[in-house]
Structures are given as C-alpha cells and as structure tokens.
Number of protein chains: 2
Amino acid sequence: MKPILHRRRTLRDVAKAAGVSLSTASNALNATGRVNRQTRETVLQIATEIGFMPNALARGLLSRRSFTIGMLTNDTYGRLTLPMMAGVSESLVDHGISVFLCATNNDPRRAQLHLQALLARQVDGIIITGTRRDLTPAVELSGLPVPVVYAFAEGPAQTISFVPDDAHGARLAVEHLRSLGRSRIVHITGPMDYLAARIRAAAYRQICGDASEVRYGAWTEEWGYEATQAIFSRAGDRPDAIFCGSDEIARGVIDALRDLELSVPGDVAIAGYDNWEVIARQTRPPLTTVDMELKEVGRRAGLAMLALTRGEEIAPGVVELPCRLVIGRSCGG
Amino acid sequence: MKPILHRRRTLRDVAKAAGVSLSTASNALNATGRVNRQTRETVLQIATEIGFMPNALARGLLSRRSFTIGMLTNDTYGRLTLPMMAGVSESLVDHGISVFLCATNNDPRRAQLHLQALLARQVDGIIITGTRRDLTPAVELSGLPVPVVYAFAEGPAQTISFVPDDAHGARLAVEHLRSLGRSRIVHITGPMDYLAARIRAAAYRQICGDASEVRYGAWTEEWGYEATQAIFSRAGDRPDAIFCGSDEIARGVIDALRDLELSVPGDVAIAGYDNWEVIARQTRPPLTTVDMELKEVGRRAGLAMLALTRGEEIAPGVVELPCRLVIGRSCGG
DNA sequence: CAAATCTGCAAAAACCTTTTTGCATTTCTC
DNA sequence: GAGAAATGCAAAAAGGTTTTTGCAGATTTG
C-alpha cells in the first residue's frame with residue numbers, strides 16, 4: 001500500500017491564498033501584532049479551509065522549546081508505567097506537550113542510546129520512572145541540559161522525586177484491620193532489600209508494637225502460601241489478620257488459608273497492597289487493598305516538569321503522595 | 001531546584017572551535033563532501049570534546065522527516081501495549097526513530113487531540129494499537145499525510161494490520177491436549193462479540209468436531225468458575241480437558257475444579273490463553289498457555305512502518321502472526 | 001495645519017542543520 | 001610547462017515559523 005502523501009500545508013500556503021505576507025498570516029493566527037479584524041478572519045478561515053497546522057519542528061527550532069518530554073522506564077511489563085504515563089499525559093497534553101516513551105529493559109547501553117536520542121530531539125525535560133523506589137538509574141543523569149524528575153523512584157540528592165507514601169499505605173491497611181477488631185496481625189511482604197518493603201514494615205511495627213511479626217520473602221503468590229503454612233503450623237496464638245505486601249502475596253495467603261480450612265475474612269482478615277485490579281477484584285473474596293495512586297504520582301511528576309520547563313524553581317526532595325484504601329470483602333466489616 | 005541549563009552546543013560552536021566553516025564541519029561529521037583527513041579528525045575530536053549533538057529539530061525541518069512515529073493506544077492498563085511498545089522500539093531504535101506514546105483512554109476527543117499533535121510534530125507514521133482485534137479506531141484515520149499501521153487491531157480495507165493468529169493459537173492448545181490423550185475437550189471463553197473469541201472457537205470446533213462445546217461468557221475468573229460448575233453439575237460424560245480463552249478464565253476453572261475435588265491435570269487438563277505471566281506462572285499448577293507474542297507483533301508493525309516511511313510499497317491486508325505454546329504443568333504430559 | 005500618534009501590513013532576521021555551488025590551490029597528464 | 005583534473009574549503013540557500021523592525025498612510029492632538 002502506497003499512501004497518498006499530499007504535501008503538508010505551510011504558513012506560506014495560507015499567506016499566499018489570503019494575499020498577505022508571512023508575518024501577517026502568522027500574526028493573525030497567533031493573535032499577536034497588529035492585524036485588521038477583517039484580515040485576521042480571512043486568514044483564519046483559509047487556514048482551517050486548507051487544513052493548515054503549524055510545523056512543530058520549525059516552531060521548536062525557533063523557540064528553543066520542543067514541547068516534548070522523554071520518559072525513561074525500566075518496566076517491561078507495563079503494570080506500573082502505563083498508569084503513570086496516563087497521569088503524566090493528563091497533566092501535559094493540555095499544555096501541548098507530547099511524551100516520548102523509552103523502554104530501557106534495564107539495559108544501560110539501551111538507556112544511554114535513548115537518552116542521547118532524547119537530548120538530540122531537544123526534549124524540554126526527562127522523567128525517570130522505576131519499578132521500585134530505591135533503584136539507581138541505569139545511566140548518568142547529572143549535568144544534563146534539561147530538568148529531570150523521578151517518578152516511583154528516588155533520585156539522588158538535589159533532585160525531585162515523587163513516590164507513593166509507603167508508610168501511609170501501610171498505616172491505612174493496618175489501622176483498617178485494627179478498627180475491625182483484629183489484634184494479632186502479621187505482615188508478609190517482599191524481599192528485605194526493597195526500601196518500600198522496609199518502610200511499610202516499619203510503619204506496621206510502629207502500630208502493632210510487640211505483637212508485630214514481619215516475614216520478608218518474595219513478591220509472589222508462592223511465598224504468600226508458604227509463609228502462611230509456616231505461620232499456622234506452629235504452636236501458640238494464631239493471627240486473626242494478615243497484612244500482605246502485595247496482592248499476589250495476598251492471593252497466595254488466601255489460597256493457603258483455604259487449604260487450612262480457615263475462612264476469609266471470618267477466621268483471618270486479609271489486606272493486600274497494589275490494587276492490581278486483575279488480581280484484587282477477581283480473588284475470592286475480592287481484596288481490600290492499598291492503591292498507590294500511580295496515576296496521581298505521574299500527574300504530579302508531570303506538573304513538576306511543567307513548572308521546571310517554565311524556569312520556575314522547585315525545592316528538591318522526595319515527595320511522598322498519599323495512598324488510598326480500596327475496600328473489598330477480604331477484611332469483613 | 002533550578003537546574004543549570006548550559007546552552008546546548010551547536011554546529012556553529014564546533015566550527016568556530018575548529019576554525020572551519022559550518023559546511024566543512026557538517027561535512028566532516030557526516031563524512032560527506034570533500035574534507036581533508038586531518039581537518040575531519042580535528043572537527044570530530046572537538047565535537048566529542050564539547051559534547052556536540054546535532055539538533056534533530058533542525059535536521060527534521062530540512063529533511064522533511066522527523067524520525068519519530070506516534071503510537072496511539074486505548075489500553076489503559078498496559079498489559080498489551082507495553083510489550084508491543086517494546087517490540088516497536090526494538091525495531092526502530094537502531095534506525096534512530098523515537099516513539100511518541102499517546103493513551104487515548106477510549107475518548108474520541110482525546111484521540112483527536114493526540115492525532116493533531118502528532119501530525120503537527122511531523123511524525124513519519126502512526127501505529128494504532130487496540131485491545132481487541134475488531135475494535136474500530138476512535139478517530140478518523142483515512143487521508144492522513146502519513147502511513148498508518150495497525151497492531152493488535154484490524155484496520156479498514158487497504159490498510160496494513162498485524163494481529164496474532166488466533167486460529168493458530170487455538171490449534172496449538174487443542175492439539176496439545178489431544179496429543180496428551182484428552183478427547184472430551186470443552187472450550188470456555190470470553191464474550192461472543194469478540195472476533196478473537198469467535199475465531200478461536202471456530203478453530204477449536206474444526207478439530208473437535210461433534211464433541212465440541214463452546215461456552216461464551218466474560219474474560220473473568222468468575223465466569224470460568226461459574227461455567228465449570230455448570231458443566232460438571234450436569235449428567236452425562238464429563239470433560240477430561242478444558243481449553244480456556246484466557247488465563248484468568250483458566251484460573252477460575254481450576255478454582256472450581258478444586259472445589260469439585262477434581263485434580264488438575266489428573267482428572268482434567270487445563271490450557272490457558274495469553275501467557276499473562278503473573279497469572280500463568282503463579283497459578284497452581286502453573287498454566288500451559290498460549291503466548292500471543294505481542295512483542296513480535298509490535299516488532300513487525302515497526303518494521304512495516306520503517307518500510308513505509310522509506311516509501312517502499314507493502315501489500316495491504318491483515319498479517320496473522322504465529323502464537324507459541326508455553327508448557328506449564330496444567331496439562332500434564 | 002503641522003506635529004504627533006496610531007494602524008496595518010511587509011521585509012528581514014533568527015533558530016540549526018544539510019546540501020549545492022563556487023572558487024582558489026594543488027596535483028596530475030601529455 | 002600548459003591544460004586538465006582533483007582537492008579543500010567557504011558561501012549561500014533551503015526548510016517553516018516567530019519576532020523585530022520599518023514604513024507608509026490614516027487619524028488624532030494642540
């Protein structure tokens with residue numbers, strides 16, 4: 001298939017058709033300078049008639065702003081990136097900014113390649129997103145000629161980052177469980193080398209005090225199953241609630257409880273984390289879980305970027321954004 | 001934080017530092033024209049020294065090719081888009097092409113907005129991705145000044161589309177089940193208004209003939225559970241295998257079988273569809289499932305786009321790409 | 001009514017790169 | 001050693017837009 005590539009219309013076409021000069025046509029379209037009302041209307045009408053659309057390349061060349069930004073992600077799966085992307089887009093599309101998405105696949109060489117390409121394209125800024133908040137970027141980013149913002153990843157000192165408030169998320173879940181009368185709550189979560197896991201565990205410990213018990217492992221269903229088996233096979237008091245570090249873990253936990261012939265939430269209440277809809281909503285019972293509001297994280301990062309590209313100053317630091325508790329049926333109440 | 005925005009280096013800077021004219025500098029860097037070896041080396045060295053990087057905007061303005069493409073998606077969740085995006089990127093990044101990702105959220109107004117922006121940015125082409133192959137795009141795309149390619153969506157006549165070969169995927173699963181000695185296979189799948197569901201069902205029917213039974217419903221775990229309950233609560237022969245239209249359905253089916261105290265794969269073998277890793281691998285037992293090779297779909301779409309932007313001709317039509325069977329333990333064997 | 005102000009438009013410069021053309025030198029050929 | 005060819009570089013044009021400057025003619029002011 002060979003598409004008909006009719007040459008795109010330029011300002012010159014508009015000017016010629018309207019019988020005015022380039023500058024007048026430009027002024028008319030942008031409502032700048034001094035243009036007679038009648039003239040302006042003629043130009044506007046002709047512009048829409050022939051489908052004129054200003055060439056963003058030429059514009060960017062002149063203004064030294066491309067009205068584009070780059071987003072570098074190492075997420076191959078998309079579960080974190082796309083919601084954030086939606087937030088970024090949402091905050092920027094109305095300001096005429098488009099987003100280059102670059103998947104690095106955790107390959108430093110590829111990341112470097114993408115970065116070079118973005119800079120060559122004169123992006124106005126770069127947003128780095130990670131799959132965990134304590135991941136060092138695969139590429140050197142200091143001394144760039146454009147502002148950098150981190151989303152779902154903590155940048156180095158003197159940079160700006162937006163991350164979910166893990167402590168807040170953990171408190172939401174744990175306090176919800178306690179408000180429902182549960183007192184023997186254990187916490188099954190992911191690997192200890194995840195900063196997010198440690199922060200959530202600390203928040204949980206602060207609330208539950210001496211009664212607290214944290215089990216670090218993996219972000220998998222299997223680990224949730226295994227940990228639950230271990231917990232319920234030993235002697236002594238049995239927990240009446242489990243706060244899980246992810247919805248996948250929660251799912252494994254519920255599976256194990258079913259095999260142990262314990263009811264959820266009757267015998268044990270379960271709280272998840274992530275609000276990964278496909279899991280959370282389809283688990284039986286549907287999970288009560290913590291939503292990290294990734295879209296909002298993206299939106300805030302986009303807004304910060306917008307301010308920076310305008311030359312406004314923003315205080316560096318890590319901004320922690322509140323989470324939201326999604327009520328399912330796994331905690332009862 | 002106010003970043004230090006040291007002005008980006010231009011070719012003029014290089015030329016001045018090297019003591020040559022703009023044209024010579026350009027020729028030296030691009031290995032065009034006639035340039036003395038010594039001069040060229042000097043220019044090259046200075047260019048790397050001061051970190052010169054040609055301005056893609058200026059380049060694009062001149063060459064009338066921006067070396068960018070736009071990707072329009074209505075997938076909010078990201079499960080389909082990001083793998084395809086990775087494939088698209090992979091086939092294009094080495095040719096110096098970057099990708100604008102635009103999430104339309106199924107909102108025609110937003111889609112139109114993104115489309116306008118892409119055209120203004122002089123993209124060399126547009127890739128449309130859908131969440132199902134029979135989805136009409138939210139925006140008018142005929143008569144565009146740039147080539148359009150569809151990925152995981154069938155475009156109208158005279159366009160180019162790449163989709164997974166649903167019939168092939170279904171055959172892979174069903175024939176695998178049969179090769180393991182299963183003969184009473186039922187098919188539980190999603191809504192009948194999905195073309196993909198109908199194609200897979202037809203392929204399944206062709207193999208199983210009179211013994212075939214298709215249950216259309218929803219792409220959910222719940223539906224899988226419910227359909228399984230219905231099938232096994234009636235009188236007559238019980239199936240020894242279930243071919244599921246999605247991994248989520250498969251999961252619901254397995255759940256139901258467990259409640260019926262039937263073993264998987266001992267009593268009933270289960271095949272899924274999608275190879276949605278988080279589900280497929282973490283189900284107990286891990287699913288044998290069909291992978292649609294989304295990355296390859298994206299890669300092929302990218303390659304087609306590349307050819308089109310070079311002015312090569314490509315025959316229109318729907319290209320169906322083979323699927324791959326991923327062996328888990330849910331079918332035994 | 002002369003001077004000052006305002007109005008409407010055009011010309012030209014600028015953004016940064018690539019490519020074509022042109023002009024001196026130098027090197028080769030007979 | 002004279003004409004032809006090759007070499008090395010610079011100047012200029014082009015791509016599409018925005019913005020500054022300039023210049024007439026119309027209108028207002030004292």
Side-chain angles (χ1 to χ4, degrees), chain A residues 5-44 46-47 50-68 96 117 119-124 145, chain B residues 5-44 46-47 50-68 96 117 119-124 145:
Chain A
L5 298 178
H6 41 73
R7 200 176 62 75
R8 310 200 208 207
R9 303 307 193 156
T10 73
L11 186 59
R12 171 166 282 114
D13 298 327
V14 177
K16 193 178 291 175
V20 296
S21 73
L22 247 62
S23 48
T24 300
S26 173
N27 280 328
L29 288 169
N30 300 314
T32 56
R34 291 188 300 248
V35 179
N36 186 295
R37 221 175 78 96
Q38 178 57 46
T39 312
R40 176 155 41 98
E41 278 168 11
T42 311
V43 171
L44 250 55
I46 290 183
I50 70 173
F52 168 73
M53 196 182 295
N55 184 324
L57 265 42
R59 230 182 206 175
L61 190 54
L62 201 53
S63 67
R64 260 106 150 236
R65 286 195 55 189
S66 65
F67 289 91
T68 61
L119 292 176
R121 293 191 193 289
Q122 314 294 110
V123 292
D124 297 333
Chain B
L5 299 179
H6 41 72
R7 201 175 61 73
R8 308 198 210 208
R9 303 308 192 154
T10 73
L11 188 60
R12 172 166 280 116
D13 298 328
V14 177
K16 193 179 290 175
V20 298
S21 74
L22 246 60
S23 48
T24 301
S26 174
N27 280 327
L29 288 170
N30 299 315
T32 56
R34 293 189 299 250
V35 179
N36 186 296
R37 219 174 78 97
Q38 178 58 46
T39 312
R40 177 156 40 99
E41 277 169 13
T42 311
V43 171
L44 249 56
I46 290 183
I50 71 174
F52 168 72
M53 196 181 295
N55 184 325
L57 265 43
R59 231 182 206 175
L61 190 54
L62 203 52
S63 68
R64 258 104 153 238
R65 287 195 53 188
S66 65
F67 289 92
T68 61
L119 292 176
R121 292 191 194 291
Q122 315 293 113
V123 292
D124 298 332

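A, B, ... follow the sequence lines: proteins, then strands. Residue 1 opens every chain.
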Q | Heavy-atom check, side chain of B:T10 versus side chain of B:N55, under 4.5 Å | A | no
Q) Shortest non-hydrogen contact from A:A25 to A:A15? A) CB-CB, 4.0 Å
Q: Would you kindly give the CG-to-P distance between A:L61 and D:dT19, to the nearest whole Å?
A: 13 Å
Q: Examine D:dT7: is either OP1 or OP2 under 4.0 Å from a nitrogen or oxygen in the side chain of B:R37? Give yes or no.
A: no
Q: Would you indicate, yes or no, if C:dT18 has its OP1 or OP2 atom less than 4.0 angstrom from a side-chain nitrogen or oxygen of B:R59?
A: yes
(Q) Both B:R34 and A:T32 contact DNA chain D. Taking the nearest nucleotide for each, which residue is further toward the 5' end? (A) B:R34
(Q) What's the closest nucleotide to the side chain of B:L62 if the choices are D:dC9, D:dA14, D:dT18? (A) D:dA14
Q.
Distance check needed: D:dG15 C1' versus B:Q122 CD, whole Å only.
A. 11 Å
Q) So which heavy atom on A:T39 is nearest to which on A:T24, and how close? A) CG2-CG2, 4.2 Å
(Q) Please confirm whether the shortest side-chain N or O distance from B:N55 to OP1 or OP2 of C:dT17 is below 4.0 Å. (A) no
Q) Atom CZ of B:R40 to atom P of D:dG8: distance rounded to whole Å? A) 10 Å
Q. How close or far is atom P of C:dT18 from atom CG of B:L29, stated in whole angstroms?
A. 8 Å
Q) Closest to the A:V35 side chain: C:dC9, D:dG16, D:dT18? A) C:dC9
Q: Using only side-chain N and O atoms of A:T39, determine if any of them is under 4.0 Å from OP1 or OP2 of C:dG8.
A: no
Q | Atom pair distance, as rounded to whole Å: CZ in A:R8 and P in D:dT17 | A | 11 Å
Q | Between D:dT17 (P) and B:R121 (CZ): distance, integer Å | A | 14 Å
Q) When the nearest nucleotide of DNA chain D is assigned to B:T24 and to B:R64 on a heavy-atom basis, which residue is associated with the more 5' position? A) B:T24
(Q) Taking atom types as they are modelled, would you say the side chain of B:S21 forms a donor-acceptor pair with the base of D:dA11 within the 3.5 Å cutoff? (A) no
Q) Do you know which two heavy atoms are closest between B:R121 and A:F67, and how far apart they sit? A) NH2-O, 2.9 Å
Q: Could you please name the option among C:dT18, D:dT17, C:dC16 that lies closest to any side-chain atom of B:S26?
A: C:dT18
Q: Mind calculating the distance between CZ (B:F67) and P (D:dG15) to the nearest angstrom?
A: 18 Å
(Q) Please determine whether any donor N or O and acceptor N or O are separated by less than 3.5 Å between the side chain of A:R12 and the base of D:dG16. (A) no
Q: Measure from the side chain of B:N36, starting at C-beta and using heavy atoms only, and say which of D:dG15, C:dC9, D:dG8 lies closest.
A: D:dG8
Q | Nearest heavy atoms of B:A47 and B:L29, plus distance in Å | A | CB-CD2, 3.8 Å
Q) Given atom CG of B:L11 and atom P of D:dG15, what is their separation to the nearest angstrom? A) 20 Å
Q) Base, sugar-phosphate alone, or nothing: which one does A:S63 contact when heavy atoms must sit under 4.0 Å apart? A) nothing
Q) Of the nucleotides C:dA10, D:dG8, D:dT18, which one has an atom closest to the side chain of A:S23? A) C:dA10
Q: Decide yes or no for B:T42 and B:I46: does some side-chain heavy atom of the first lie under 4.5 Å from some side-chain heavy atom of the second?
A: yes
Q. Base, sugar-phosphate, or nothing: which does B:T10 touch, judged by heavy atoms less than 4.0 Å apart?
A. sugar-phosphate
Q. So what does B:L22 touch, heavy atoms closer than 4.0 Å: a base, only the sugar-phosphate, or nothing?
A. base
(Q) Closest-nucleotide mapping onto DNA chain C: is A:G19 or B:N27 further toward the 5' terminus? I mean the 5' end. (A) A:G19
